[in-house]
J.: 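The structure is given below, and queries will be raised subsequently.
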Amino acid sequence: MRVELRRERRDDAPVGVVARRSRDRLGVAFDEPPPDWATSGRVALELVPSPVTWERLSAGLRRVSSPEGKRWHGILGGEAPRFLAKARGPVLPSTLAPEQEEAVDLADRALDVALVHGPPGTGKTTVLVEVIRRAVARGEKVLAAAPSNLAADNLLERLVAAGVDGVRVGHPARVIPALLDRTLEARVKEHESARIAATLVEEALTLRREARKRRERRGPGRFSEARDAERRARELLGEARRLEERAERDVLDRCPVVVATLTGVDAPVLAGRRFALAAVDEATQSVEPAVILALLRAERAVLAGDHLQLPPTVISSEAAAGGLGVSLFERLADAHGASVMVTLAEQRRMSEAIMDFPSRTTYGGRLRAHPSVAGWRLDDEPLLLVDTAGTGFEEGTPEGSDSRHNEGEALLVAREVERVLALGVAPADVAVISPYDAQVQRLRHLLAARVEEGLEVDTVDGFQGREKEAVVVSLVRSNDAGEVGFLSDVRRMNVAITRARKKLVVVGDSATVARHPYYEAFVRHAQEVGAWRSGWERE
């Protein structure tokens with residue numbers, strides 16, 4: 001996020017990007033050194049709205065309706081994607097599961113677009129990396145993208161581990177530290193043209209300092225000398241920028257894979273670049289116009305995601321009702337089904353006991369646990385539902401908030417966390433998840449000491465794509481009317497209960513949530529497998 005530093009009424013407020021944050025610290029990265037006052041004493045941070053995302057998305061929609069977008073106009077309008085009879089190859093050594101091989105084959109045969117449906121833990125990113133690896137082996141240029149910086153970084157990390165060279169485009173402050181040497185900025189700094197440019201910049205800055213001194217002196221010709229120095233400085237800076245741009249082009253030309261966020265693919269540095277393949281991870285979490293930006297850059301595309309987990313985040317209810325909340329992946333899957341999509345089935349994330357319910361209710365019973373994970377457990381209770389019905393724990397709404405919390409349930413959740421940690425699990429291997437931000441804040445306060453030790457407490461939305469050895473879920477809702485709020489979007493619960501590898505504890509009020517069929521089925525499942533416990537027993 002972009003922020004502006006302010007103090008009183010100063011008009012030289014610098015703008016930067018929040019690069020790092022912890023419980024009590026924020027690190028802000030500036031393009032230029034901030035003024036002295038900004039680094040001492042008390043300052044205020046204000047969020048700076050940026051129109052860039054909106055401008056790029058709206059421009060993409062205009063382009064797809066123009067001759068430039070003719071390549072994709074039919075597919076987006078409902079035409080069936082086309083496929084070759086035989087995969088392009090080459091077949092490289094791998095350890096893919098059967099459905100993963102099938103997905104790679106479909107992607108290799110795509111003339112337009114192919115979908116890789118990856119339920120939790122089934123390795124959709126693994127498939128995407130293999131698709132990219134084969135494209136690079138063919139000598140193709142690949143654009144690898146994802147809706148968020150974290151997802152883009154994860155994709156690049158996996159590519160590097162597979163021996164594929166990729167350059168990360170985007171502000172370095174938004175890139176994880178382990179990948180900073182893979183950023184375009186870092187690669188450019190090593191280029192000979194960039195080294196010459198740096199020398200020219202230093203020379204220009206020296207000239208500007210001399211120009212200031214000359215203006216301050218007395219005597220004839222001081223202003224003309226200062227103007228000459230300033231003109232020369234501008235010339236040097238212009239030449240330095242041209243050398244930097246040459247270095248950027250050279251780095252991008254040489255690297256087989258460019259990695260960026262979906263809105264980052266329209267960054268000026270990539271202007272005019274075309275790719276044989278666009279590979280988009282977490283495509284189901286992106287609004288359709290953002291994916292279109294990647295399509296416009298490529299001859300064909302592979303989209304990976306799971307439309308049965310969280311959809312794109314759309315704040316405007318009007319926009320969501322108008323269809324913006326439906327991803328392009330979901331729209332193509334609904335329109336063309338298995339003809340354009342392979343669903344992965346073998347998961348290597350969670351034990352069979354944790355997998356069983358989401359497999360039967362969400363994925364038609366098709367998921368299977370790889371033998372290496374099927375029997376995982378920390379104790380004799382890999383799945384546990386702690387039912388707070390009858391305990392008197394009631395939800396509430398914090399003042400000035402639309403969110404929900406449940407203080408009694410939060411205390412019980414904190415005790416469940418301690419029980420999990422007593423099994424010998426490190427705090428960093430445990431997560432506490434809740435659908436409601438107010439409950440997350442309450443739990444962070446109650447578990448502050450454990451958070452300092454590495455325990456993660458976050459919303460369901462903030463934890464998609466993540467996994468931990470053990471997860472404790474707080475459902476929060478407890479009311480006489482049986483209202484479950486946005487828990488009624490069961491994709492949120494599907495995410496929450498598929499983050500744990502070896503132990504899943506769900507805390508909630510069955511008298512409230514079980515009035516919804518999905519949660520009623522979950523309570524019944526917990527009772528059938530002996531995983532139900534009353535909250536009274538856990539006090």
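Counting from 1, the numbers follow the sequence of the chain as shown.
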J.: Can you tell me how far apart CZ (Arg63) and CG (Leu293) are? Round to the nearest 0.5 Å.
T.: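 If we round to the nearest 0.5 Å, Arg63:CZ and Leu293:CG are 6.5 Å apart.
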J.: Does some side-chain heavy atom of Pro119 sit less than 4.5 Å from a side-chain heavy atom of Leu308?
T.: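 Counting from C-beta outward, Leu308 and Pro119 never come under 4.5 Å.
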J.: Where the side chain of Arg348 meets the backbone of Gly123, is there a donor-acceptor pair that is under 3.5 Å apart?
T.: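 Checked: no pair found.
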J.: Do any N or O atoms from the side chain of Glu282 and from the backbone of Ala152 form a donor-acceptor pair under 3.5 angstrom?
T.: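 No: the side chain of Glu282 does not pair with the backbone of Ala152.
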J.: On a heavy-atom basis, which atom in Arg187 and which in Gly166 lie closest, and how many Å separate them?
T.: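 Result for this residue pair: NH2-O, 3.6 Å.
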J.: Could you check whether any side-chain heavy atom of His117 comes within less than 4.5 Å of a side-chain heavy atom of Asp306, counting everything from C-beta outward?
T.: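 Heavy-atom side-chain distance check passes, below 4.5 Å.
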J.: With side-chain hydrogen bond (donor to acceptor under 3.5 Å, both in side chains) as the test, pick out the partner of Tyr436 among Arg404, His405, Arg477, Gln441.
T.: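 Per the side-chain hydrogen bond (donor to acceptor under 3.5 Å, both in side chains) rule, the option paired with Tyr436 is Arg477, out of Arg404, His405, Arg477, Gln441.
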J.: Would you say the side chains of Glu130 and Ser94 form a donor-acceptor pair under 3.5 Å?
T.: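 No pair is found: no donor N or O on one side chain lies under 3.5 Å from an acceptor on the other.
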J.: Flag the pair Asp105 and Arg109 as a salt bridge only when some basic side-chain nitrogen lies within less than 4.0 angstrom of an acidic carboxylate oxygen.
T.: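 Here Asp105 pairs with Arg109 in a salt bridge, since their nearest N and O are under 4.0 Å apart.
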J.: Ring-plane angle category for His307 and Phe329, please: parallel below 30°, perpendicular beyond 60°, tilted otherwise.
T.: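 The arrangement is tilted - the two ring planes meet at 30° to 60°.
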J.: Tell me if a side-chain donor or acceptor on Arg349 pairs with a main-chain N or O of Thr498 at a distance below 3.5 Å.
T.: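 Looks like yes, one N/O pair under 3.5 Å.
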J.: Heavy atoms, side chains only, cut-off 4.5 Å: are Thr183 and His171 in contact?
T.: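 Side chain of Thr183 against side chain of His171, heavy atoms only: no contact under 4.5 Å found.
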J.: Main chain of Ala283, side chain of Ser286: is a donor-acceptor contact present, judged purely on distance under 3.5 Å?
T.: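 A pair under 3.5 Å: no.
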J.: Strictly below 4.0 Å, N to O, side chains only: are Arg499 and Glu456 in salt-bridge contact?
T.: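 The answer is no: the pair does not qualify as a salt bridge.
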J.: Considering non-hydrogen atoms only, spot the tightest contact between Ala333 and Leu115 and give its length.
T.: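 Smallest interatomic distance, heavy atoms only, reads N-CD1, 3.7 Å.
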J.: Is Arg273 paired with Asp253 through a side-chain N to carboxylate O contact shorter than 4.0 Å?
T.: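 Salt bridge flag = yes for Arg273 with Asp253.
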J.: Is a side-chain donor or acceptor of Gln464 paired with a backbone partner of Leu310 at a separation under 3.5 angstrom?
T.: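 Yes.
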J.: Check this for me: does any side-chain nitrogen of one of Arg158 and Asp281 sit under 4.0 Å from a carboxylate oxygen of the other?
T.: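 Here Arg158 does not pair with Asp281 in a salt bridge, since their nearest N and O are not under 4.0 Å apart.
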J.: Of the options Arg300, Arg138, Arg88, which is the one that meets Asp108 in a salt bridge (Lys or Arg N to Asp or Glu O under 4.0 Å)?
T.: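 Result: among Arg300, Arg138, Arg88, Arg138 is the only option passing the salt bridge (Lys or Arg N to Asp or Glu O under 4.0 Å) with Asp108.
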J.: Other residues, nucleotides and ligands only: do more than 12 of their heavy atoms fall within 6.0 Å of CG on Asp402?
T.: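 Counting neighbours around CG of Asp402, 12 or fewer heavy atoms of other residues, nucleotides or ligands fall under 6.0 Å, so no.
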J.: Measuring from atom CG of Leu150 to atom CZ of Arg174, what distance do you get when rounded to the nearest 0.5 angstrom?
T.: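 Here the rounded value is 14.0 Å.
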J.: Hey, is Glu140 close enough to Arg134 for a salt bridge, meaning N to O under 4.0 Å?
T.: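 Salt bridge flag = no for Arg134 with Glu140.
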J.: Quick one: does Val167's side chain get under 4.5 Å of Arg254's, heavy atoms only?
T.: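 Not in contact.
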J.: Using a strict 4.0 Å threshold on nitrogen-to-oxygen distance, state whether Arg492 and Asp461 make a salt bridge.
T.: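 Yes, this pair counts.
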J.: For Pro435 and Leu487, which heavy atoms make the closest approach, and how far apart are they?
T.: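 The answer is CG-CD2, 3.4 Å.
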J.: Quick test of your reading of the model: are Asp112 and Arg71 salt-bridged, counting only N-O distances below 4.0 Å?
T.: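 Between Arg71 and Asp112 there is a salt bridge, with a charged N closer than 4.0 Å to a carboxylate O.
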J.: What distance separates Leu128 CG from Leu277 CG, expressed to the nearest 0.5 Å?
T.: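 Here the interatomic distance stands at 8.0 Å.
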J.: Between Lys124 (side chain only) and Thr343 (backbone N and O only), is there a donor and an acceptor less than 3.5 Å apart?
T.: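 Here the side-chain-to-backbone pair does not exist.
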J.: For Asn154 and Arg466, which I'm curious about, is there any donor-acceptor pair between the side chains at under 3.5 Å?
T.: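 No pair is found: no donor N or O on one side chain lies under 3.5 Å from an acceptor on the other.
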J.: So, are Arg297 and Asp266 salt-bridged, with charged N and O less than 4.0 Å apart?
T.: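 Answer for the salt bridge query: yes.
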J.: May I ask you to test the Val280-Leu295 pair for a side-chain heavy-atom distance under 4.5 Å?
T.: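 Result no, sub-4.5 Å side-chain heavy-atom pair not found.
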J.: So, taking the atom named CD in Glu299 and the one named NZ in Lys141, what distance separates them when rounded to the nearest 0.5 Å?
T.: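 Answer for the CD-NZ pair, Glu299 versus Lys141, is 15.0 Å.
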